[in-house]
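We use all heavy atoms of the structure for the numbers below, so side chains are in, but hydrogens, waters and symmetry mates are not.
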Amino acid sequence: KITTDTHCQGGLMTFCFHAEAMDEIRAYMFWYGQSLRFYPQDIVDVLPILFDDNYEGNVKFAKSNEPKRMTHGILIRDKYFEHFYNDLTNKKENEFPTRKYDKEHGYSWAINEDLVY
């Protein structure tokens, strides 16, 4: 039996999405029997660390702009968790990790006013 807490010697990575509402979406990554609250910037900050850098394609991908481009338009927001996080860490709203590659930093983040309903 294989579940999300089965480590499979690192050979299985699972993503789980909980979409409760447009502004309440949670994503989790399960790997090696552990879990991580997953945000789009983790494509840039976390995934390259997990993959073998002895494989040339992984290094090339991590050093390219492709990971940042992939975060463009991915909207994973959880307003309740963001409020909790900001209160806990004493950070401002725009300092929440999901805003890391937003328009201010040159990467168009799909914020609500940019979405077409």
Side-chain angles (χ1 to χ4, degrees):
K1 177 179 172 182
I2 297 176
T3 65
T4 56
D5 64 351
T6 306
H7 66 79
C8 296
Q9 298 176 351
L12 176 66
M13 183 179 288
T14 306
F15 291 87
C16 179
F17 296 86
H18 300 232
E20 304 293 337
M22 188 177 74
D23 56 0
E24 189 181 355
I25 301 171
R26 296 180 301 279
Y28 300 91
M29 180 184 79
F30 298 89
W31 181 71
Y32 231 102
Q34 299 178 7
S35 65
L36 167 76
R37 181 80 180 251
F38 191 83
Y39 285 96
Q41 74 273 7
D42 292 337
I43 295 169
V44 177
D45 299 333
V46 176
L47 292 183
I49 295 168
L50 302 180
F51 289 89
D52 185 0
D53 59 1
N54 290 321
Y55 176 69
E56 182 181 338
N58 291 343
V59 175
K60 184 178 176 183
F61 176 80
K63 290 182 178 182
S64 73
N65 279 328
E66 186 67 10
K68 290 178 184 174
R69 189 196 64 75
M70 291 174 77
T71 67
H72 173 74
I74 299 174
L75 182 61
I76 297 178
R77 297 220 37 224
D78 183 353
K79 67 181 180 183
Y80 302 108
F81 181 74
E82 290 174 22
H83 177 76
F84 166 76
Y85 176 89
N86 291 335
D87 254 8
L88 186 66
T89 61
N90 226 9
K91 292 188 177 188
K92 297 176 184 151
E93 181 179 337
N94 64 351
E95 293 178 321
F96 188 74
T98 60
R99 304 302 302 260
K100 188 170 183 177
Y101 299 113
D102 65 8
K103 290 180 181 179
E104 297 170 18
H105 298 96
Y107 296 96
S108 297
W109 180 255
I111 52 179
N112 287 341
E113 59 263 23
D114 292 339
L115 297 176
V116 176
Y117 298 100

S.K.: If we only count heavy atoms from C-beta on, is the Glu56 to Phe61 side-chain gap below 4.5 Å?
M.R.: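 No; the side chains remain at least 4.5 Å from each other.
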
S.K.: Does a side-chain heavy-atom distance below 4.5 Å link Leu12 with Trp31?
M.R.: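 Of all side-chain heavy-atom pairs linking Trp31 with Leu12, none is under 4.5 Å.
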
S.K.: Between Glu82 and Arg77, is a salt bridge (Lys or Arg N to Asp or Glu O under 4.0 Å) present by the stated rule, with each step listed?
M.R.: CA-CA 8 Å; Glu82 290 174 22; Arg77 297 220 37 224; 2.6 Å; yes

S.K.: Answer with yes or no whether the hydrophobic clustering places Val59 together with Val46; edges join I, L, V, M, F, W, Y residues whose side-chain heavy atoms lie under 4.5 Å apart.
M.R.: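 Per the 4.5 Å side-chain linkage, Val59 and Val46 are not co-clustered.
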
S.K.: Give me the atom names and distance for the closest heavy-atom approach of Asn54 to Asp52.
M.R.: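 So the two residues come closest at N-OD1, 2.8 Å.
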
S.K.: Hey, does Lys68 have a side-chain heavy atom less than 4.5 Å from the side chain of Ile43?
M.R.: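 No, every pair of side-chain atoms sits at 4.5 Å or beyond.
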
S.K.: For Phe51, check ring pair (Phe, Tyr, Trp, His ring centres under 6.0 Å) against everything at least two apart and list the hits.
M.R.: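 Phe51 satisfies ring pair (Phe, Tyr, Trp, His ring centres under 6.0 Å) with no residue once adjacent residues are dropped.
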
S.K.: Can you list the steps and then say if Phe38 with Phe15 is a ring-ring contact (aromatic ring centres under 6.0 Å, His included)?
M.R.: CA-CA 8 Å; Phe38 191 83; Phe15 291 87; 5.1 Å; yes

S.K.: Are the side chain of Asp42 and the backbone N or O of Tyr39 linked by a donor-acceptor pair below 3.5 Å?
M.R.: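 Confirmed, Asp42 side chain pairs with Tyr39 backbone.
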
S.K.: Are Phe81 and Arg26 close enough that some pair of their side-chain heavy atoms sits under 4.5 Å apart?
M.R.: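 In short, these two side chains do not touch, never coming nearer than 4.5 Å.
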
S.K.: Do the side chains of Asn58 and Asp53 get nearer than 4.5 Å, heavy atoms only?
M.R.: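 No, every pair of side-chain atoms sits at 4.5 Å or beyond.
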
S.K.: Any side-chain hydrogen bond (donor to acceptor under 3.5 Å, both in side chains) pairs touching residues 5-16, not counting sequence neighbours?
M.R.: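 Pairs touching residues 5-16 that pass the test: Thr3-Asp5, Thr3-Thr6.
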
S.K.: Quick check for you: to the nearest 0.5 Å, what is the distance between His18 atom NE2 and Tyr28 atom OH?
M.R.: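 One gets 5.5 Å once the value is rounded to the nearest 0.5 Å.
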
S.K.: Any side-chain heavy atom of Val44 within less than 4.5 Å of one from Glu66?
M.R.: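 They are not in side-chain contact.
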
S.K.: Mind checking whether Phe17 and Met29 sit in one hydrophobic cluster, side chains of I, L, V, M, F, W, Y counted as touching below 4.5 Å?
M.R.: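 Cluster IDs for Phe17 and Met29 match.
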
S.K.: With rounding to the nearest 0.5 angstrom, report the CG to CE distance, Leu47 to Met13.
M.R.: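 Between Leu47 CG and Met13 CE, I get 5.5 Å after rounding to 0.5 Å.
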
S.K.: Might you point out which heavy atoms bring Ala62 and Pro48 nearest each other, and give the distance in Å?
M.R.: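 Minimum heavy-atom separation between Ala62 and Pro48: CB-CB, 3.6 Å.
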
S.K.: From Asp23 CG over to Ile76 CD1, what is the distance, rounded to the nearest 0.5 angstrom?
M.R.: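 Answer for the CG-CD1 pair, Asp23 versus Ile76, is 14.0 Å.
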
S.K.: Nearest 0.5 angstrom please: Met70 CE to Ser64 OG, how far?
M.R.: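 Result: 9.5 Å between the selected atoms.
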
S.K.: Can you name the closest pair of heavy atoms from Phe30 and Cys16 and give their distance?
M.R.: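 For Phe30 and Cys16, the tightest heavy-atom pair comes out as CE1-CB, 3.7 Å.
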
S.K.: Quick one: does Tyr80's side chain get under 4.5 Å of Glu24's, heavy atoms only?
M.R.: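 They are in side-chain contact.
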
S.K.: Determine whether Phe84 and Leu88 make a side-chain contact, defined as any pair of heavy atoms from C-beta on separated by less than 4.5 Å.
M.R.: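 Side-chain contact under 4.5 Å: yes.
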
